[in-house]
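Here's the structure, in structure tokens; my notes come after.
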Amino acid sequence: MSKQATPGNVATAALKDQSQERQKAMIAEHFRKLAEAPERGEKCVYTFVPGNLTELIDSFGLLPVLPEINALQSGMRGKSRDYIGLAEKLGHSEDVCTYVKCDIGMLKSGNVGPTGERLPNPDLLLLSYTGCFTFLKWFELLGQEYNAPVAMLHVPYQGDGVVTDSMRTYVVDQLKKKVIPALERISGRAYDEEALKERLARSAKAEEDLVWVLESAKRRPSPIDAYFGGVYYIGPIFTAFRGTQDAVLYYRELRAEIEGRIALGKGPVTPDGEIENERYRLVVEGPPNWTSFRKFWQMFAEEGAVVVASTYTKVGGVYDNGFRHDPNRPLETLADYCMGCYTNLNLPTRVQMLERYVREYSADGFLINSVKSCNSFSAGQLMILREVERRTGRPGGFIESDLVDPRYFSASNIKNRLESYFQMIEQKRAGGA
Amino acid sequence: MTGLEQLLGRAEELYRDLRFTAVSEWKKRNGGLAIGFMPVYVPRELLHAMGVLPVGVMGAGDDLEIIRGDAYYQSYICHLPRSTIELGLNGALDSLDGMLFPATCDVIRNLSGMWKMQFPEKYSHYLDVPQDFDANVGGQFYRRELEEIAEELHRRGARKLEPAALRKSIAAYNENRALVEGLYSLRIEEPWRVPTHELYLLLRAGNVLPVEEHTVMLRDYRAAVLADEDRRSMDQARVLLAGSFCEQPPLGLLRTLERAGCYIVDDDFVQVHRWITGDVRADGADPLADLVLAYLKQGIASPIRYIDEQVKGQALVERVERSGAEGVIFCAPSFCDPALLDQPMAVAAIERAGIPWTSFKYAENTGQFQVIREQAGTFADSIKLWSE
Ligand code: SF4
Ligand code: SF4
């Protein structure tokens, strides 16, 4: 590993962990399969990250496509500005979620995915409708564009902070009567519960290791960044790979690598190297910005700010509360998984979760990145800010950006705010609080 | 002052009364619970049958200065939740014993949690309406939802939900809905008799009055306008207004559109009155099942309702035909996800049918209408030219 000192708290390092290589290969292979799918007669299902039914889809031999992931990748690859512009020209409002517009723009520009290969059209739009109403509209829009069938799974919201039997029965009934028959129709295969159970057992294994990795951030220094680094760690389990052997191996490897870092007393790896001096431990609420992801991360890393826990890494499943997919209750466990995703939790539960993170991860403060696109996350965040501050006594910070619309990422503004926020933490420390 | 003027004066007074005095008075007289509800739809029959007054809360329009509400919402979120929080914080909603937050959008959904934290002593419930319209799937879930609400309200002092009472309530709301629909039909036939800014005030009055009283108001209004010889037809363009189903446009905006040469012949305002089309069965053995079934099978097409097997925008085209509208104005609140995400699909259907359209956005507290007036005026003129 080559190392070179940089200003601040980061040392450059050319690090390519085995787990990273594995993830890259898994993704490349998946997109290759998708590109070849029409030729090979394989069918694909478009679906969303929160409340995805990956094990079920895979048990039918179908390939998932996740439009949100394509949108965020377009953001990272600098394509989203044009895609969003195109969608707005076509009549999509400037006020709505930019993931949707980015996806529509990509579709209208030839539907070329993140690896440069063309994505197949959907054979089914599996609308598992978890934590956000925009999903519903998104697939209505795509349903028209592709003239593809939609299978709806309405996942009830945890309005009272609990999952009731009635909610679970409703989801299971829909799985049995609507979703599974739709998957059977598209795949030409019968539902195979044993195949589903095998996949669910593998999910649980991977989840165990993922939680271990996320919780490693309770140490000082934290060996991981649980937001910027975290989005890579959740990649396989939030997308096409939950329930696969590849995912099991990925998380096993990742865990071993983190164990190694802990043994050496190392901090997190960033694109510019390792953080050698952990100055601030933060909890972050809200999705990251993708168009300036690296710059955004740098603003933290340079200050020695490490994110020790985040809620965004729970959008595709909350596992650190003990939930694991349970092969003994295959459909019920899928229902519980869907209902448990982060944005499907009510605001009091979200506040409790943040409060717990601040305490359990010994954070100096918590920060909200409020994105313009996403009412599901953002509506209520100012109240969350005050409430978490009140309950923990730690300073809260608030910045605003967007997911994939570069027009709403003002680097200087965010940097200024972060700087004053870090000063606030320093003052609090100096005051002995 | 004529009877009609008096009636409209009363409706406007109710509309402008942001302290919800009518609700406190009702409570003093009747001693029952009053439960607020956010747009768009809740089954008011259920509350009524338990002796509870359902109270529609639709933000605060342009009459309230937002002092604290802005500290709860970022600038890129619609206006309705901030004025609603403001009303809660300034004590205007103290007469309400609770709030229902129907599954309209993420903003209202999250507001339900904010309410729980801000007003922990009050009942606050997110009403998750099904997006599956199968009686044995979504219907079962919805029924259990309603039963739970009924049980909780009973625990809090409301009468027990009894089938006989529910049948009566269904009948009362059927009558009320039919009268609302009757006024909408009259407006289609003779829009000059039922100006939209008046009809709108009547719909709003139905948010706070007990249904029986509102029914009388609707009936009196109809009789009065039919008898009013001074109301005459003018050369105006007939338009359908789409997208204003949640945060409501200010009254001034409706007047502006009318003055700009538009007869609004169909709209989405205060949709709770028109969400269910036709009558809910009022003589069944299981009236709760009938209420559930009406939701599943008789609900209107709306951006907040999953389209299922139907064709997107088709219902809007049919409404245009039924109302004899010559054009559509998409008139949605700024930052309203369901309305604005739906709009491109609705526009596509409207264009396929060769119907002219225009669009603009508003906030409930928009105070300047000059641009809208010009845009609507030009649209109305072009429609008139088109039809000549
Ligand atoms: S509104 Fe938020 S949760 Fe919904 S699709 Fe957009 S980014 Fe995702
Ligand atoms: S105006 Fe639109 S976005 Fe705002 S609360 Fe109503 S439905 Fe939701």
Side-chain angles (χ1 to χ4, degrees), chain A residues 87 90-97 100 104 127 129 131-134 136-138 140-141 143-144 150 152-154 156-161 164-167 169-170 173-174 177-178 343 345-351 370 372-383 386-387 398 400 408, chain B residues 71-78 81 85 101 103-118 124-128 130-132 134 136-138 140-142 144-145 147-148 303-308 312 332 334-345 347-348 359 361:
Chain A
L90 292 170
H92 293 266
S93 167
E94 66 267 30
D95 288 358
V96 301
C97 170
V100 180
I104 301 267
L127 172 49
Y129 166 53
C132 161
F133 284 79
T134 295
L136 177 77
K137 310 310 296 177
W138 194 339
E140 282 181 352
L141 284 159
Q144 284 206 330
V150 183
M152 148 72 93
L153 177 67
H154 173 210
Y157 181 63
Q158 289 200 35
D160 288 333
T164 63
D165 289 343
S166 164
M167 290 157 74
T169 305
Y170 178 40
D173 280 352
Q174 291 176 82
K177 294 182 184 168
K178 307 286 164 75
T343 48
L345 309 178
N346 71 1
L347 254 73
T349 312
R350 283 171 62 186
V351 167
S370 179
K372 175 179 181 288
S373 268
C374 184
N375 279 340
S376 175
F377 255 104
S378 303
Q381 278 177 329
L382 285 165
M383 187 172 189
R386 285 196 294 275
E387 196 58 25
F398 201 84
E400 291 177 313
Y408 298 104
Chain B
Y72 285 75
Y73 285 100
Q74 301 90 312
S75 57
Y76 45 80
I77 292 173
C78 59
I85 278 275
F101 299 86
T104 301
C105 71
D106 296 320
V107 173
I108 290 190
R109 188 196 68 178
N110 289 4
L111 182 59
S112 72
M114 294 169 74
W115 217 263
K116 275 186 195 294
M117 291 195 285
Q118 193 72 47
S124 155
H125 183 74
Y126 177 72
L127 169 64
D128 212 347
Q131 296 286 4
D132 176 289
D134 184 330
N136 293 320
V137 182
Q140 290 295 325
F141 168 72
Y142 188 44
R144 289 188 294 260
E145 267 284 296
E147 283 167 349
E148 276 167 29
I304 64 162
R305 197 179 157 99
Y306 177 51
I307 185 76
D308 211 5
K312 203 75 206 168
S334 294
F335 305 109
C336 177
D337 281 340
L340 295 170
L341 284 160
D342 204 73
Q343 200 165 298
M345 295 181 275
V347 164
S359 72
K361 293 182 289 186

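Everything quoted here is computed from the prediction, not taken from an experiment. The sequence lines fix the lettering, A, B, ..., with proteins before strands; numbering per chain opens at 1.
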**Message:** Between A:Tyr408 and A:Ser373, is there a side-chain donor-acceptor contact under 3.5 Å, judged purely by atom types and distance?
**Reply:** no

**Request:** Check whether A:Leu127 gets within reach of chain B through its side chain, its backbone, both or neither, counting any heavy atom under 4.5 Å.
**Result:** side chain

**Message:** Does the plane of the ring in A:Tyr129 sit parallel, tilted or perpendicular to the ring in A:His154? Use 30° and 60° as the thresholds.
**Reply:** tilted

**Request:** Select, from A:Asp160, A:Leu90, A:Asp173, the one with the greatest count of heavy-atom pairs under 4.5 Å involving chain B.
**Result:** A:Asp160

**Message:** Quick check: do A:Leu153 and A:Lys178 have side-chain heavy atoms less than 4.5 Å from each other?
**Reply:** no

**Request:** Please determine which of A:Thr169, A:Asp165, A:Thr164 meets the side-chain contact (heavy atoms from CB on, under 4.5 Å) test together with B:Arg144.
**Result:** A:Thr169

**Asked** Can you name the salt bridge (charged side-chain N to carboxylate O under 4.0 Å, His left out) partners of A:Asp95, sequence neighbours left out?
**Response** B:Lys361

**Item:** chain B contact via A:Asn346 - which portion, at a heavy-atom distance below 4.5 Å
**Value:** side chain

**Message:** I'd like to check A:Glu140 versus B:Asp342 (side-chain heavy atoms, cut-off strictly below 4.5 Å). Are they in contact?
**Reply:** yes

**Prompt:** Tell me, side chain or backbone of B:Pro303 under 4.5 Å from chain A's heavy atoms, or both, or neither?
**Reply:** both

**Item:** Shortest non-hydrogen separation from A:Thr134 to B:Asp106 and the atoms involved
**Value:** N-OD2, 4.2 Å

**Most contacts with chain A, counted as non-hydrogen pairs under 4.5 angstrom, among B:Gln118, B:Gln343, B:Gln74, B:Lys312** = B:Gln74

**Message:** At a 4.5 Å cut-off on heavy atoms, which part of A:Gln144 comes close to chain B: side chain, backbone, both, or neither?
**Reply:** side chain

**Item:** B:Ala332 portion near chain A, given a 4.5 angstrom heavy-atom threshold
**Value:** neither

**Asked** For B:Gln140, is it the side chain, the backbone, both, or neither that has a heavy atom closer than 4.5 Å to a heavy atom of chain A?
**Response** neither

**Request:** Kindly give the heavy-atom pair with the smallest separation between B:Gln131 and A:Tyr170, and that separation in Å.
**Result:** N-OH, 3.4 Å

**Item:** Contacting moiety of A:Lys177, where chain B heavy atoms sit under 4.5 Å
**Value:** side chain

**Request:** Measure B:Ser359 against the heavy atoms of chain A and call it side chain, backbone, both or neither at under 4.5 Å.
**Result:** neither

**Asked** Is chain A contacted by the side chain of B:Glu145, its backbone, both, or neither, given a heavy-atom distance below 4.5 Å?
**Response** neither

**Request:** Check whether B:Val107 gets within reach of chain A through its side chain, its backbone, both or neither, counting any heavy atom under 4.5 Å.
**Result:** both

**Fill in**
Sorted by chain and residue number, the ring pair (Phe, Tyr, Trp, His ring centres under 6.0 Å) partners of B:Trp115 (sequence neighbours excluded) come out as B:Phe101, B:Phe119

**Item:** Choice from B:Ile304, B:Val347, B:Thr104, B:Leu127 maximising heavy atom contacts with chain A below 4.5 Å
**Value:** B:Thr104

**Request:** Identify which of A:Ala379, A:Gly380, A:Cys374, A:Gly131 forms the greatest number of heavy-atom pairs closer than 4.5 Å to chain B.
**Result:** A:Ala379

**Item:** Lys/Arg cation over aromatic A:Phe133: B:Arg109, 6.0 Å, 45° cone
**Value:** no

**Message:** Using heavy-atom distances under 4.5 Å, tell me whether A:Leu136 contacts chain B through its side chain, its backbone, both, or neither.
**Reply:** side chain

**Item:** Contact origin within B:Asn136 toward chain A - heavy atom pairs under 4.5 Å
**Value:** both

**Prompt:** Highest number of heavy-atom pairs under 4.5 Å with chain A: which of B:Pro81, B:Pro130, B:Pro338, B:Ser112?
**Reply:** B:Pro130

**Request:** Give the member of A:Ser93, A:Ser166, A:Gly91 that has the highest number of heavy-atom pairs under 4.5 Å with chain B.
**Result:** A:Ser166

**Asked** Donor-acceptor pair, B:Lys116 side chain versus B:Ser124 backbone, under 3.5 Å?
**Response** yes

**Complete:** Per-residue tally against chain B (heavy atom, under 4.5 Å) across A:Cys97, A:Gly161, A:Gly159 peaks at A:Gly159

**Request:** Identify the heavy atoms of A:Leu347 and A:Tyr157 that sit nearest to each other, and give their distance.
**Result:** N-OH, 4.1 Å

**Request:** Identify which of A:Glu94, A:Arg386, A:Gln174 forms the greatest number of heavy-atom pairs closer than 4.5 Å to chain B.
**Result:** A:Arg386

